[in-house]
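This report refers to the structure that appears directly beneath it.
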Amino acid sequence: MVKLTIDGTEHEVEAGLTVLQACEQIGIEIPRFCYHERLSIAGNCRMCLVDMERAPKPVASCAMPVGEGMVIRTNTPEVQKMRKGVMEFLLINHPLDCPICDQGGECDLQDQAMAFGADTSRYDENKRAVKDKDFGPLIKPIMTRCIHCTRCVRFASEVAGVPELGATGRGENTEIGTYVQKALSSELSGNMIDLCPVGALTNGPYAFHARSWELKKTESVDVMDALGSNIRIDARGPEVMRVLPRLNEDINEEWISDKTRFACDGLTKQRLDRPYVRKDGKLVEATWPEALSAVADAAKGLKGEEMAAVAGDQADCESMTALKDLMTALGSANIDCRQDGAKSDAGVRASYIFNSTIAGIDRASNVLLVGCNPRLDAPVLNARIRKRMVMASAAGDSFRVGVVGPDADMTYPTAHQGDGADALQAIADGKGDFAKMMQDAERPMIIVGQDALARGDGAAVLALARKAADACGVVSDDWNGFNVLQRAASRVGGLDIGFVPGEGGKDVDGILAGAADGSIKMVYLLGADEIDTSRLGNAFVVYQGHHGDDGAHRADVILPGAAYTEKNGTYVNTEGRVQLGRLAVYPPGDAREDWTIVRALSDPMGQKLPYDNLRQLRARMVELNANFLNVDITAPAEWQDFGTDGDIDAAPFHGGVDNFYMTDPISRASETMARCTETFIRGEQRKTGTDG
C-alpha cells in the first residue's frame with residue numbers, strides 16, 4: 001500500500017494505481033477524455049491535469065503512478081485554469097452542431113465543458129473541417145467533431161483485435177481513419193460508439209431517430225447468442241430504438257456484439273401480428289378462438305407418439321416449460337430443444353455448460369478450442385480470450401490457444417492442431433507438444449463448440465472430449481476447465497427443464513424422419529426456424545413465433561408470439577446462469593406472450609395446464625430444476641461420466657456459422673444486418689471469387 005495526500009487529506013491506496021484511479025477510489029472526480037479503464041493509457045487529451053508538489057509542471061493524472069508521500073491537489077485555482085485552457089483548445093475546431101448531433105444529451109464533451117470549461121473563447125479563426133470516412137453500414141463518422149482521444153484506435157487493436165484504425169498527420173492535420181478505405185470488419189465495432197466521448201462516431205442506423213431523453217430504458221438480457229450479455233433496451237412508444245450494453249463484469253463486461261446492438265430494427269419487420277389458419281392451401285387471417293380450435297381439431301384422434309414439438313433457439317424457459325407439460329399430458333415424449341441436432345447429454349449438467357464460467361477465462365493457463373469459432377459463436381467471449389492473452393503477454397506468462405477444427409482468424413495467435421476428431425484423440429492420448437503443455441498447465445481449459453456436437457457422432461465426440469479433459473487434468477478440486485460453448489440462448493434452459501426426448505421419444509432428426517414417413521402427424525414448432533422444414537412431409541404443422549420465417553411458411557396454423565423485448569422471460573446462458581429478460585414494449589397486434597398461448601391452447605385440447613400466472617409457472621420451473629431459484633448466480637455442476645463411446649467420423653469439424661449477421665429470425669429480418677451481409681460477406685466472397 002502507498003500513502004499519499006490528496007487535497008489535504010492523507011489516503012492509503014494500492015500500489016500500482018495511477019493518481020486518477022486513486023482519486024476515483026476516494027470519490028474525487030477527475031475529468032478525462034482519452035482515459036478508459038479497459039484500454040491502455042494514452043495521456044493525450046490532458047484534461048486530467050493535476051498539481052503535484054515538487055513537480056516542475058502539471059502532471060497527467062491518468063499516466064502518473066502513485067508514489068509514497070505524494071501530495072496531489074485537484075481543485076486549486078491553477079488546476080481549474082488548466083482545465084479551462086485544455087477545454088478551450090479542444091473547442092477551437094469543434095463544430096457547434098449540438099442541436100443535430102446524436103450524441104446530444106450523452107456527450108462527455110458537453111458535460112465537461114459545462115462543469116470544467118470557461119464561458120468564453122479567445123479564438124475566432126475559422127474552424128477546420130475533416131472529410132468524413134466510410135466505416136461501413138454500422139458506424140456513422142462525423143470526423144470534424146473528433147478530438148483525437150484515440151479510444152476507438154485502442155479498442156480496435158487491443159480489445160477487438162482488428163487493428164484497422166489509426167491516426168495520420170500531425171498537429172491540426174491529425175485525422176483518425178482506416179489507412180485504406182474499407183469498412184470496419186470487427187464483430188464488436190459498435191462498441192466504439194459507446195467509447196467515443198463526442199459525436200464523432202455515432203450509431204448509423206439510429207441516426208436522427210430519437211433523443212436520449214425521449215426513450216424508456218429497460219434492463220434486459222440478449223438472446224442473439226448464448227452468452228446472455230446484459231443489455232439496456234431503449235424504446236419510444238411501441239418501437240425499440242436501440243440496444244446498449246449494461247455493465248456486468250462476470251459476463252460481457254461492458255461490450256456487446258454488433259448483432260446484439262444493431263439487429264433490433266428487425267423487430268418491426270416481417271412480424272406475425274395475428275393468427276393464421278391454412279385453408280385451401282393458403283394461409284388466411286383468423287381469430288384466436290379459430291386458430292386454437294384448428295389446432296385442437298387437428299390433434300383429435302392422434303396418439304401421443306404421433307405428435308411432436310421442437311423449441312427454437314430464442315425460446316424462453318417459461319414457454320418451453322408450458323409446452324413440455326402440454327406434450328407430456330398428451331402422452332408425447334417427442335420433444336427436443338436441440339434443433340441443430342447437437343448430442344448434448346441432458347442428464348449431466350456439466351456436459352453442456354461453461355463450467356469454468358466466462359470470468360474464469362481470466363484465470364486459464366491454456367485453452368483448447370474444439371469444433372468452435374468463438375469469434376462468430378460469441379464475439380464478446382472471444383474478446384475475453386484475447387484479453388487473457390494480452391494480460392499474459394504483459395505479465396510475461398505463457399498462454400497458448402490450440403484449435404481443433406477450421407483454422408480461422410480468431411483475432412489472436414492460435415496453434416492449429418488438426419481439423420477433426422483425430423487431433424482431439426491425439427491430445428487425449430497425450431501426443432504432441434500442445435498435449436504436454438495442457439498437462440503441465442495449472443488451469444487448462446477445453447472449450448467444445450456445437451460444430452463438434454451437432455453431428456451424427458456428436459455423443460462419441462463429447463465422450464472423447466471428456467477423455468481429453470481427464471488426460472490433460474482439466475478438472476481438479478478448485479478448477480473445472482471443461483466448457484461447452486452453446487450458440488442458442490434457449491439451449492441450456494431447455495436442457496435444464498428437460499425439453500428433450502422422454503423414454504421412447506424421438507429427437508429432432510427422428511421427428512423430421514417421422515414427419516417424412518407419416519408416423520408423426522403433428523409437429524409443434526416453438527420458434528423453430530433452423531430445421532429443414534422440407535422434411536416435415538404431410539404433417540400438420542403448428543408454428544408459434546414472432547417472425548414470418550421458414551417455420552411460418554410451412555405452417556398450417558400460425559400462433560403469433562412475442563419477441564424477447566416484448567415479454568418477461570427467463571433465459572439461462574451458456575455458463576448456466578439464470579437471467580431475467582424484461583418487457584420493454586408490448587407485442588404488436590394480436591400477438592401474445594408465448595407461455596400464455598400454450599396455456600390457452602391447453603384448454604380446447606382437454607389438458608388444461610395448472611398455472612394461470614407467471615409466478616405459478618416459475619414455481620413449476622423450480623419443481624423441474626432447482627437452479628431456477630438462483631437468479632444471476634452460477635452454481636458448479638457435479639463432474640460425472642457423459643457422452644457415449646462409439647465410432648467417430650474422420651470428417652473435419654466444419655464451421656456452422658456461415659453468416660454471423662443472419663443467424664435467427666430477428667437478424668434475418670433486419671435491414672441493417674442485410675447491409676452488413678452485403679458489405680462483409682458478399683463483398684468478401686466477390687473478392688475471393690467464392691460467390692458462385
Side-chain angles (χ1 to χ4, degrees), residues 136-138 187 190 204-206 222-227 229 231 233 239-240 242-243 256-273 276 283 310-316 339-340 373 376-379 450 454 486-491 508 525-536 541 543-555 558-567 571 585 587-589 591 594 655-685 691-692:
L138 302 179
E187 295 79 15
Y206 169 76
D222 172 50
V223 300
M224 295 295 165
D225 57 35
L227 196 70
S229 297
I231 58 173
I233 301 168
E239 185 177 358
V240 173
R242 63 178 181 178
V243 172
I256 55 175
S257 74
D258 287 350
K259 185 165 50 178
T260 299
R261 184 186 299 269
F262 294 108
C264 60
D265 65 322
L267 291 165
T268 60
K269 310 288 193 306
Q270 301 178 25
R271 288 303 303 268
L272 300 174
D273 59 357
Y276 288 86
L283 288 168
V310 180
D313 289 352
Q314 295 182 340
D316 58 279
Q339 61 174 339
D340 59 359
N373 181 346
L376 301 181
D377 294 344
Q450 300 309 292
Q486 303 285 355
R487 284 200 192 107
S490 66
R491 187 63 51 81
V508 163
L525 302 180
L526 181 62
D529 295 283
E530 315 306 323
I531 61 172
D532 183 1
T533 55
S534 66
R535 297 179 61 192
L536 290 171
V541 177
Y543 178 78
Q544 178 181 330
H546 40 78
H547 277 75
D549 211 79
D550 284 356
H553 292 162
R554 173 57 187 83
I558 293 176
L559 306 177
Y564 75 103
T565 56
E566 301 159 0
K567 58 187 173 185
Y571 300 91
V585 296
D594 290 281
V657 178
D658 296 324
N659 181 358
F660 164 76
Y661 299 100
M662 288 187 172
T663 56
D664 57 84
I666 297 174
S667 59
R668 284 193 287 268
S670 165
E671 292 181 7
T672 304
M673 294 296 99
R675 288 196 291 270
C676 288
T677 299
E678 180 61 30
T679 301
F680 300 114
I681 308 299
R682 304 282 183 266
E684 189 62 31
Q685 289 174 348
D691 57 347

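Residue numbers start at 1 and run along the sequence shown. Excluded from the calculations below are hydrogen atoms, water molecules and symmetry mates; all remaining heavy atoms, backbone and side chain alike, are included.
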Quick check on side-chain hydrogen bond (donor to acceptor under 3.5 Å, both in side chains): which of Asp550, Asp549, Asp529 does Tyr543 satisfy it with? Asp529
So CG of Leu283 and CZ of Arg554: to nearest 0.5 Å the spacing works out to 10.5 Å
What's the separation between atom CG in Asp340 and atom CD in Gln450, rounded to the nearest 0.5 Å? 5.5 Å
Any donor-acceptor pair under 3.5 Å linking the side chain of Asp377 with the backbone of Arg487? no
Does any non-hydrogen side-chain atom of Cys264 lie less than 4.5 Å from one of Ile233? no
Atom CZ of Arg261 and atom CD1 of Ile256: how far apart are they, to the nearest 0.5 Å? 4.0 Å
With no hydrogens and no angle check, do the side chains of Gln544 and Asp594 hold a donor and an acceptor under 3.5 Å apart? yes
Which atom of Gln314 lies closest to which atom of Val223, heavy atoms considered: NE2-O, 3.6 Å
Without hydrogens or angle criteria, can the side chains of Tyr571 and Asp222 be said to hold a donor-acceptor pair below 3.5 Å? no
Quick one: does any side-chain atom of Thr533 pair with a main-chain N or O of Gly551 as donor and acceptor, under 3.5 Å? no
Main chain of Phe660, side chain of Lys259: is a donor-acceptor contact present, judged purely on distance under 3.5 Å? yes
Evaluate the side-chain proximity of Pro205 to Phe262: yes if any heavy-atom separation is below 4.5 Å, no if none is. yes
Ser667 versus Met673, closest heavy-atom pair with distance: O-CB, 3.4 Å
Rounded distance [0.5 Å steps], OG1 in Thr663 versus CZ in Arg668: 7.5 Å
Closest heavy-atom pair, Asp273 versus Pro588, reported as atoms and distance to 0.1 Å, is CB-O, 3.7 Å
Does the side chain of Glu530 come within less than 4.5 Å of Pro665's, by heavy atoms? yes
Distance col, row Glu187:CD vs Leu376:CG, nearest 0.5 angstrom, shows 6.0 Å
CD/Gln339 to CG/Leu526 distance, rounded to the nearest 0.5 angstrom? 10.0 Å
Check the pair Asp664 / Met224 against side chain to side chain contact (heavy atoms under 4.5 Å, CB included), numbers first and verdict last. CA-CA 8 Å; Asp664 57 84; Met224 295 295 165; 3.5 Å; yes
Kindly indicate whether the side chain of Ile231, heavy atoms from C-beta on, has any atom under 4.5 Å from the side chain of Thr260. yes
Heavy atoms of Cys676 and Pro137 approach each other most closely as SG-CG, 3.9 Å
Verify side chain to side chain contact (heavy atoms under 4.5 Å, CB included) between Val657 and Asn373, making sure each step is shown before the conclusion. CA-CA 9 Å; Val657 178; Asn373 181 346; over 6 Å; no
Which heavy-atom pair separates Ala563 from His546 by the least distance, and what is that distance? CA-CD2, 3.7 Å
Determine whether a donor-acceptor pair (N or O, by modelled atom type, separation under 3.5 Å) exists between the side chain of Thr268 and the backbone of Asp265. yes
Write down the atom of Gly312, the atom of Ser490, and the distance for their closest heavy-atom approach. O-OG, 2.6 Å
